[in-house]
Amino acid sequence: MGGSDLSIRTERRGEVDGFYRILTFTLTLKMSGRLTLEKIGLGVVSISLLLSPFIVFLALPPFHIGVWFQSEPVIAGLHGVSALATVGLLALLLANAGRYSIILSHPLILVSTALGIWSILMSWFAEVPSLSWLGDPRHGEGAVWYLDMASLFAGGMVMHGDQRLRRGLAGVSLIAALTVTALTVYGTLHPGWPWSPYWFSDHLAFYGIFIAFILLTTIQPTSVLGRGACLIAGMGIVAISGNRAAILLCLILAPTVWGGLYYLHHVKKWIRVYAAALVIAVPILLTAGITLYGSHLSTTHPKGWIPSESSLASRYLQNRVIFLSLQDKPSALITGRGWGHYADQLLAYANQSSVFLGAEEWLRPDSLAREYFHSHNDFAEALLSAGIVGLALMWGILLALPCCCKDSQIPLAGTAAALLAGLSAVWFQLPGSLPFMAMAWAGFCRPTENPMPKRILTTPVIIVFWVLMLLIQIYALTLTWQQGVKVRDTVLARISSRTDALKVNDLIACAGPGGVHFTRILLKVAQAREHQSALPNDASPMLFTFLDAHKLMLAGGKKMSLRFHNAGLLVRGELAFSLTHPAFARNAPAYLADWEEMLRSFLHRAPHRTDMAALYLLWLLREGEDQKMLSFADSILDRNPNDPVGLWFSGLALAGDPAKRSEGLAHLKQAIDLGIERIIPVDPGIKDTVQQKDCPECKN
């Protein structure tokens, strides 16, 4: 019995060992089978898309680089995950060209890449081409932004082909969105807390909208309860954001569009046309409404505005600036003025927009208090940045949803596109929410059976293009990260250590595209010095080092941002009126000597901003340089006889001469009538004098 049992056990052990060897061999073969190029590509795409919702956390302290810590590392992260997705897509294309060329030829991908390519080509017409390529460092929206978008769209479409990957991506996105919301809300309640990824919560609205559609297209709930849960998850984030525009659009626009498209869904022949028409109409109607109401507000006293009116007036100003810029240069309707250049156009045309630029008793729009403002209207900015073609392609990214989705998804896809179109007409995205948009859009867009145009988009052409796109994304990532690290370690670290070890060449190397980094730091340094009452005598060289670098860069022939040019004027104004400590007073005359030359150069680029001459003319008035003041004022009037700045300061100079007093008072009265009080405060005594009915000298 014992021997028999032993033989049975031995036999069974041999069977088990044999089975184990067979199983091991089989698994080895299967593992080898998994390491195909297609599966490697799918793995790389999956990793990039699963990482992408977390790029917003690069805004947290351990990753701070550059000047705008809560955007620059996130922009670098966007380029990084997009480049990784492109690598995976190239592997998939090489492994199975027939299948994946269809995805890469999808209209959504074609439109996105076309906008990126067009923007790169038109960037050569921009004042600062590198700024148009990479976008303003505060926002990151530039030509490469749209190439990144194409990679993420394509990666999302690939992942939506696998149910497990699709649901995993939705789960990761939900976790990231909820975490961003929690950190931002805590940071809002505790100002100064460094672990908030946003300065203010309004941008959370984009996360809420995208999460709602990600869940709806991924889980695809069929019950009312399931759909309601998806909407509550997204709309809850929108409500927490406090973004009034987004909340109103979600409450009014979204159900209206969805209800209308659902009701018309039986008209299959025209339903996509109806949906596309809504996507086009919504931003047009919103922009028109803001323009009409904003123009009415611009004629009222700003102190009577409620917050929502102030916001509408500011957006009206921004839209008007774009109109004036294009009116001044009609060729920009074709070429655009370049991405990242809106803040320069705002600086160039604000004085034409009847805003209050200088006097403290008037409310000054927040867009004029910063040198990096965004237009808050992505459609208008696309027109300004990339011309009519750019605007059409921007719309195409939204139109791809209702035009390329399944028939059953048209109401939901049309609602998503119309909702984002409406929000994009009054707000703007930051790079952290772009991966969420890509995942939401990928959930609607299905690969077309016949890629278009088939004869042009052959596999070799697609491969070559995506290789070039990968190189551009790697270049953008490298430049953004290196530039940010250099600014942080070379300039900001030395400023925070309160040393004056900075050299002119260091500052020139860290200027950023068009000098935008330099501009921000220079103004911050000037403000910090202004508020140091007990300033040691050896603390002024840092500011003068900045001014030396600024002058060298302007004289160097490089294309610099208008904001960069303007910063030199602002700091000279500080030297003349605010930085009165002996540490500055000793050296200030040498830097004030070229004020007029720099001002004339600025006005050559921005002839409408004569208000920027007010401080210089006030300084001449204080120094008793009446003849110089009159000469400069007359040069302004030679260009525009009705310029209030030129009239006011020529009037002050002429009124001091008894023989020309009558002419001077007439100029002063005309300046008041033309709105000089928008720019500088007017002495009540002078105003009373020139406005007296019995003042014969004041009559024209």
Side-chain angles (χ1 to χ4, degrees), residues 52-53 55-56 108 141 149 152-153 156 169-182 184-185 197-198 200-221 227-259 261 275 278-279 282-283 286 376-379 394-395 397-402 405 409-445:
S52 64
I55 63 171
V56 67
L108 177 63
E141 187 175 8
M149 189 181 286
L152 294 176
F153 281 151
L169 189 56
V172 165
S173 302
L174 182 60
I175 292 170
L178 292 176
T179 306
V180 170
T181 302
T184 304
V185 169
Y198 285 124
F200 44 87
S201 61
D202 299 75
H203 287 287
L204 294 176
F206 289 97
Y207 291 83
I209 290 172
F210 295 142
I211 277 295
F213 292 111
I214 288 172
L215 295 177
L216 287 170
T217 57
T218 302
I219 302 173
Q220 298 177 352
R227 292 175 181 174
C230 295
L231 291 173
I232 289 172
M235 296 308 106
I237 296 175
V238 173
I240 291 172
S241 75
N243 188 318
R244 294 190 298 268
I247 293 170
L248 288 174
L249 289 171
C250 288
L251 291 177
I252 299 173
L253 178 67
T256 303
V257 172
W258 183 86
L261 292 176
L278 284 171
V279 173
V282 166
L286 282 173
H376 284 70
N377 187 327
D378 251 2
F379 296 96
M394 171 79 79
W395 246 308
I397 293 173
L398 296 172
L399 291 172
L401 261 69
C405 66
Q409 285 186 314
I410 293 175
L412 193 61
T415 302
L419 188 56
L420 184 60
L423 189 56
S424 297
V426 292
W427 260 98
F428 60 96
Q429 285 197 73
L430 288 178
S433 58
L434 204 62
F436 292 83
M437 176 185 173
M439 295 168 204
W441 261 227
F444 289 110
C445 294

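As the structure is a prediction and not an experimental result, all values here were calculated from the model.
Across all non-hydrogen atoms, the minimal contact from A442 to G156 is CB-C, 3.4 Å. Shortest non-hydrogen contact noted between G432 and V56 is CA-CB, 4.2 Å. A440 and F210 get closest at one heavy-atom pair: CB-O, 3.9 Å. Minimum heavy-atom separation, V238 to A205: CG2-O, 3.7 Å. Annotation for A212 and G234: closest pair CB-CA, 4.0 Å, computed over non-hydrogen atoms. Minimum heavy-atom separation, M439 to P53: CE-CG, 3.3 Å.
With sequence neighbours excluded, the residues forming a side chain to side chain contact (heavy atoms under 4.5 Å, CB included) with S201 are T184, T188, L204, listed by chain and number. Remark: V257 pairs with L253, L261, L278, T415, A418 by the side chain to side chain contact (heavy atoms under 4.5 Å, CB included) rule, at least two apart or across chains. Among residues two or more places apart in sequence or in another chain, the side chain to side chain contact (heavy atoms under 4.5 Å, CB included) test is passed with V426 by A245, I290, R315, L423.
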Checking side chain to side chain contact (heavy atoms under 4.5 Å, CB included) for the pair M437/I397: CA distance, chi angles, key distance, verdict? CA-CA 11 Å; M437 176 185 173; I397 293 173; 4.0 Å; yes

Side chain to side chain contact (heavy atoms under 4.5 Å, CB included) between L251 and M235: does it pass, once the steps are laid out? CA-CA 9 Å; L251 291 177; M235 296 308 106; over 6 Å; no

Going through the distances and angles, do M394 and F379 end up as a side chain to side chain contact (heavy atoms under 4.5 Å, CB included)? CA-CA 7 Å; M394 171 79 79; F379 296 96; 4.1 Å; yes

I would like to know whether S424 and N377 meet side chain to side chain contact (heavy atoms under 4.5 Å, CB included); could you show each step before the answer? CA-CA 6 Å; S424 297; N377 187 327; over 6 Å; no

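H203 places no side-chain N or O within donor-acceptor distance of the main-chain N or O of S241, the cut-off being under 3.5 Å.
In this structure, CD1 in I247 is found 10.0 Å from CD1 in I240, a value given to the nearest 0.5 Å. The distance from the CG atom of L108 to the SG atom of C445 is 4.5 Å, given to the nearest 0.5 Å.
Q409 is not listed as a side-chain neighbour of L401, based on a closest heavy-atom distance of 4.5 Å or more. P283 places a side-chain heavy atom less than 4.5 Å from the side chain of W395. You'll find the side chain of S173 reaches within 4.5 Å of the side chain of I214, heavy atoms only.
For residues 231-252, no pair satisfies ring pair (Phe, Tyr, Trp, His ring centres under 6.0 Å), with sequence neighbours left out. Every pair passing side-chain hydrogen bond (donor to acceptor under 3.5 Å, both in side chains) that includes a residue from residues 206-220 is listed here, sequence neighbours excluded: Y198-Y207. Sorted by first and then second residue, the side-chain hydrogen bond (donor to acceptor under 3.5 Å, both in side chains) pairs involving residues 427-443 (not counting sequence neighbours) are N243-W427, Q429-S433.
Each of I211, L420, I237, L434 was evaluated against F206; a single residue qualifies, L420, per the side chain to side chain contact (heavy atoms under 4.5 Å, CB included) test.
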